[in-house]
> 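I'd like to ask some things about the structure below.
Quick note: residue numbers are just sequence positions, from 1.
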Amino acid sequence: GVLCNLPYSGTEVIKDYGREHVQTGDLIVYTSADSVFQIAAHESVVPPEQLYDDCRIARKLLTGKYGVGRVIARPFEGEWPYTRTSRRHDFSLEPPAKTMLDAVVDAGQDMIAIGKIHDIFAGRGMTEFTYTSGNTDGLAKTLAYADKAFRGLCFVNLVDFDMLYGHSWLPGFLEKLGEDDCVIITADHGCDPGYRKHTDHTREYIPMIALGKKIWPVNLGTRTGFCDIAATVTDLLGVPYQTPGRSFAAELV
């Protein structure tokens, strides 16, 4: 059986439907403003591996005309109002075209994925990947890669910035940067803290900041989109890549 089947906040949905789910075993299904299909279940009722299998079934169905960007497993635990766990898992559509990651790998460079980058890109276009269990783990693994010598891109997703923290970690990380390293920090969506009607993505412009020993302090203005970041990364790496984006590498260095 299915519960909810509506657009919903991920934290509110387990509060409102969690007890019925625990009683019946029916899966909580919901979406958000993104192109996602989310399935939530209590780990004592539906073990994570079983929930992942359910999501794999949904992933096979949600293609073509009903193509959805990601199917997301959302396990939770504890007593009402319940707590979401770190065992979230994303099942993505195969990218429809060559991505920045593919371009980096095709050029013979390193493309290291940390966190759910592997899931977002359906496992494509990377030479090495590691999962994380939250921001603390993700920040530790990112810091460890900063001590390694590689040429290419280390693409990191820190999932807990939506709810928790991570900002005070940055100074120690920047101390590890080499002379030619560039760090670009951005977000996957915007959330206006002054918007009170719901906690979903409000989709205003996202922030983007570039850091490095040779990076000039310039205002890059309002950009076209994420494609500009992809164009800049491949430009800085000397990697050929066809994208509608406009590189701002020349303005940075």
> Got a second to check how far Cys4's SG is from Ile14's CD1, nearest 0.5 Å?
12.0 Å
> Show the nearest heavy-atom pair for residues Ala97 and Asp102, with the distance to one decimal.
O-OD2, 4.2 Å
> Step by step, would you call Cys55 with Ile72 a side-chain contact (heavy atoms from CB on, under 4.5 Å)?
CA-CA 7 Å; Cys55 288; Ile72 305 176; over 6 Å; no
> Counting distance only, does the side-chain N/O of Trp80 pair as donor-acceptor with the main-chain N or O of Lys15 below 3.5 Å?
yes
> In terms of ring plane angle, is the pair His89 and Tyr131 parallel, tilted or perpendicular, where the classes change at 30° and 60°?
perpendicular
> Between Ser92 (side chain only) and Ile120 (backbone N and O only), is there a donor and an acceptor less than 3.5 Å apart?
yes
> Please answer: with hydrophobic residues joined when any side-chain heavy atoms are less than 4.5 Å apart, are Val2 and Phe76 in the same cluster?
yes
> Could you measure the distance from the CD1 atom of Ile117 to the CG atom of Leu101? Nearest 0.5 Å is fine.
7.5 Å
> Within a strict 4.5 Å, meaning less than it, do heavy atoms of the Ile215 and Cys182 side chains meet?
yes
> Salt bridge or not for Asp119 and Arg70, using N-O below 4.0 Å?
no
> Heavy atoms only: give me the nearest Met100-Phe155 pair and the separation to one decimal.
CE-CE1, 4.0 Å
> I'd like to know if the side chain of Tyr8 pairs up with that of Asp16 as donor and acceptor (distance under 3.5 Å, no hydrogens or angles considered).
yes
> Side-chain heavy atoms under 4.5 angstrom apart, residues restricted to Ile, Leu, Val, Met, Phe, Trp, Tyr: same cluster for Val156 and Leu170?
yes
> Can you measure from NE2 (His21) to CG (Leu27) and round to the nearest 0.5 angstrom?
7.0 Å
> If you measure only the distance, is there a donor-acceptor pair under 3.5 Å linking the side chains of Gln38 and Thr31?
no
> Under a 4.5 Å side-chain heavy-atom rule over Ile, Leu, Val, Met, Phe, Trp and Tyr, are Val253 and Phe248 clustered together?
yes
> Is it true that Glu94 and Arg124 have a side-chain N and a carboxylate O under 4.0 angstrom from each other?
yes
> Please determine whether side-chain contact (heavy atoms from CB on, under 4.5 Å) holds for the pair Tyr82 and Thr11, giving the CA-CA distance in whole Å, both sets of side-chain angles, and the decisive distance to 0.1 Å.
CA-CA 9 Å; Tyr82 308 111; Thr11 51; over 6 Å; no
> Could you check whether Glu79 pairs with Arg19 (Lys NZ or Arg NE/NH1/NH2 to Asp/Glu carboxylate O, under 4.0 Å)?
no
> Within a strict 4.5 Å, meaning less than it, do heavy atoms of the Thr186 and Phe226 side chains meet?
yes
> Could you check whether Asp90 pairs with Arg88 (Lys NZ or Arg NE/NH1/NH2 to Asp/Glu carboxylate O, under 4.0 Å)?
yes
> Do the non-hydrogen side-chain atoms of Val71 and Leu62 ever get within less than 4.5 Å of each other?
yes
> Would you call Arg84 and Glu77 a salt bridge, using N to O less than 4.0 angstrom?
no
> Does a side-chain heavy-atom distance below 4.5 Å link Ile114 with Cys154?
yes
> Do the side chain of Lys116 and the main chain of Asn157 share a donor and acceptor less than 3.5 angstrom apart?
no
> Are Thr142 and Phe173 close enough that some pair of their side-chain heavy atoms sits under 4.5 Å apart?
yes
> Over all heavy atoms of both residues, which pair between Leu51 and Ala41 is shortest? Give the atoms and the distance, please.
CD1-CB, 4.1 Å
> Do Arg87 and Tyr52 come within less than 4.5 Å of each other through their side chains, counting heavy atoms only?
yes
> Between Thr234 and Ala230, which heavy-atom pair has the shortest distance, and what is it?
OG1-O, 2.8 Å
> Once you round to the nearest 0.5 Å, how far does CD1 of Ile229 lie from CD1 of Ile185?
11.0 Å
> Same hydrophobic cluster for Leu139 and Leu174, using side-chain heavy-atom links shorter than 4.5 Å among ILVMFWY?
yes
> Val68 vs Leu93, test: side-chain contact (heavy atoms from CB on, under 4.5 Å). Steps then yes/no.
CA-CA 7 Å; Val68 169; Leu93 275 177; 6.0 Å; no
> Looking only at non-hydrogen atoms, find the nearest pair between Gly221 and Asn219 and report the distance.
N-OD1, 2.8 Å
> Side chains of Asp235 and Ser247 only: does a donor on one sit below 3.5 Å from an acceptor on the other?
yes
> Take Lys98 and Asp106 through the test salt bridge (charged side-chain N to carboxylate O under 4.0 Å, His left out) and record every step on the way to the result.
CA-CA 10 Å; Lys98 184 176 181 178; Asp106 290 347; 3.3 Å; yes
> Within this structure, what is the CG-CG distance for the pair Leu252 and Leu211, rounded to the nearest 0.5 Å?
10.0 Å
> I would like to know whether Arg151 and Asp110 meet salt bridge (charged side-chain N to carboxylate O under 4.0 Å, His left out); could you show each step before the answer?
CA-CA 6 Å; Arg151 175 172 175 76; Asp110 298 306; over 6 Å; no
> About how many Å separate CE of Met111 and CZ of Phe129, when rounded to the nearest 0.5 Å?
11.0 Å
> In terms of hydrophobic clustering (I, L, V, M, F, W, Y; side-chain heavy atoms under 4.5 Å; direct or indirect links), are Leu158 and Ile184 co-clustered?
no
> Are the side chain of Asp228 and the backbone N or O of Arg246 linked by a donor-acceptor pair below 3.5 Å?
yes
> Taking the cut-offs as 6.0 angstrom to the six-membered ring centre and 45 degrees off its axis, would you call Lys148 and Tyr145 a cation-pi pair?
yes
> Does Asp188 reach the side chain of Ile206, with side-chain heavy atoms less than 4.5 Å apart?
no
> Go through Leu143 and Trp169 one step at a time and tell me if the side-chain contact (heavy atoms from CB on, under 4.5 Å) criterion holds.
CA-CA 10 Å; Leu143 206 60; Trp169 166 89; 3.9 Å; yes
> Between Arg74 (side chain) and Ile28 (backbone), is there a donor-acceptor pair under 3.5 Å?
no
> Would the Tyr30 and Tyr17 ring centres measure less than 6.0 Å apart?
no
> Check whether any side-chain heavy atom of Val183 sits under 4.5 Å from a side-chain heavy atom of Ile209, and report yes or no.
no
> Of all the heavy-atom pairs spanning Ile39 and Ala58, show the shortest one and how long it is.
CD1-CB, 4.4 Å
